[in-house]
Every structure is written in structure tokens, then in C-alpha cells.
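Order of appearance sets the numbers: ligands from 1, and atoms from 1 within every ligand. Here the structure is a predicted model, which is why all the values come from computation and not from measurement.
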Amino acid sequence: MVRDDRYGELGKRFEQYLLEGIPALKEAGYNPFAFQGMIRASGGVRTAKQLLASAGDTSYGFAKLWEKGKLDASVEFAVCLPWFKELFTDEELERAAFRLTEHRFDLSRIDDVPVPDWHAAPTPAPPAEPTYRQRVEAEEAAQRSRPATTTALTAEAVRSAVFRSLVLERAQGRCENPGCGHPGFHVIGRNGQPVVEVDHVHGLGDGGPDHPANMVVLCPNCHAVKTRAQDAEVARLKALLAGIARQQHETAMAGTSSGR
Ligand SMILES: [Zn+2]
């Protein structure tokens, strides 16, 4: 059997469609012996192309199907199915459609053919994980709608667990201080979480906001330096980390994934 794989998967599907239509041809009182032989010899797509190329005139099979009012079983009809169109040239498609309309076939009947599963639109993807931006905005909205009495408690009480985990995810649990003495520091603690601290660059007690744009992940060493070093060093580090926090936040806001 000569198999022409030039038309790929779609070509195989077209051929399959023609072969599945053979019983309908027989029902229409036409013995498609020659047609089957062509498919065996040349494959479905080339058979269709050969039939379409045959000097303007319609094939014996086509005439037979027309007599029986079964043009929807014709190769021309198969060629016109939208999901097979890319196998054929514009000229071939026009010729197929012309032969059908010339024989008073209503081309809109093509729309009645159920779209095959393999051509149907892919099932919609499951809802995507909310992005960093979506989670930040949801938390901001939730905070706005919370009664003021709750947020008037101590700074300790208003720390958002959502923001904290977003910042940890954003940093992938690693120290965000570019001058870190332990770059890539990554130790998992007893609680299964990385041994790092989520730090508010400008402390809540000093009026710094509890917001990811003011939060960084620091390794224990950097965190100790930031909280316990002399004023000048703390100020230098704060200025540096303020930029990092804002930049990391903006990059994550612009991204499409929450980093999970
Ligand atoms: Zn560090």
C-alpha cells in the first residue's frame, strides 16, 4: 500500500472520513470500487486532488451521487468541510464548492455536519492560579472592607498573612539583600519553611505600611544586621532594601504568575 504521509495527521483524518463514507456510497447504489482503489493507491488527499483536477467534468461517482440526492457523500463535500480546508489549494476548494453549487447543492448543509472532537475548540483551561497582582489586589480590597476597629489594633495585629506569604513566594524563600553575605542562603526549618525573615523595610512602628512594596525577605544574618547594626549601616541598608522591595513588588505585579 502506498502511503502518502505528506499531509500528516490531518491527511489521515481526511482519508478516514472518506473511508467511513464508503457504506453511504454503496447505499446510494454506487459501487465505489475504483474510488477505494484510488485511496489505497494514493491516499485520501491525493485521491481527492486527482478527482478535483479531472478536467472540469465531474466524476462518475459524483454524477451517481447527484442522481441519488446524496452529494453530501461526495469527495467534493468532504473537501469543503472547514476542518479539512488546509489540505487543499484555494483553486481546489473553489472547484469543489463550484461543482456542488452547480448541482444545486445547498452548501449551508456543511454547517449541519457535527464538528469532529479533534477539531473542536480545546476545552477551556482550568481557571489559572491567581497571579501575584490578583492576590495583592484581593487582599487590599479585603482590608478596605474590614471594619476600622480591627485595623486600629496594634501594628502586630494588622500584619497581613497574605502579604507575608506573597513576599515569601516572590523571593522563593531566599534573602533579597543584594549585598547578602550568604547569597542563595536556603535552609529549611523545623516548620518546613525556609529559615528567613519577612521584614518591613520601614518598620510598622515607624509608620511603614504593611504592604508587599515595603516588605523584603532577609536571611537571619541580614535581618540581624538591619535591626541591630549602627544607625548609618541600618540607614544604608534600608535605602537599598526599600528600592529592592519596590522593584520586586513591581516586577511581580507585572508578571503573570504568582511564582508558585
Ligand atoms: Zn542575607
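Between Phe163 and His211 the shortest heavy-atom distance is CD1-CA, 4.0 Å.
For Asp112, the CG atom sits in a packed shell: over 12 heavy atoms of surrounding residues, nucleotides or ligands are nearer than 6.0 Å.
Look at Cys180 and the Zn ion (ligand 1): an N/O/S atom of the residue is under 2.8 Å from the metal. Taking backbone and side-chain atoms together, His223 has no N/O/S atom less than 2.8 Å away from the Zn ion (ligand 1).
Checking Asn214 against His200 by side-chain atom types alone, no donor-acceptor pair falls below 3.5 Å.
Relative orientation of the Phe77 and Phe105 rings is perpendicular, given thresholds of 30° and 60° on the angle between their planes.
Our summary of the site lists the angle at the Zn ion (ligand 1) between SG of Cys219 and SG of Cys222 as 110°, to the nearest 10 degrees.
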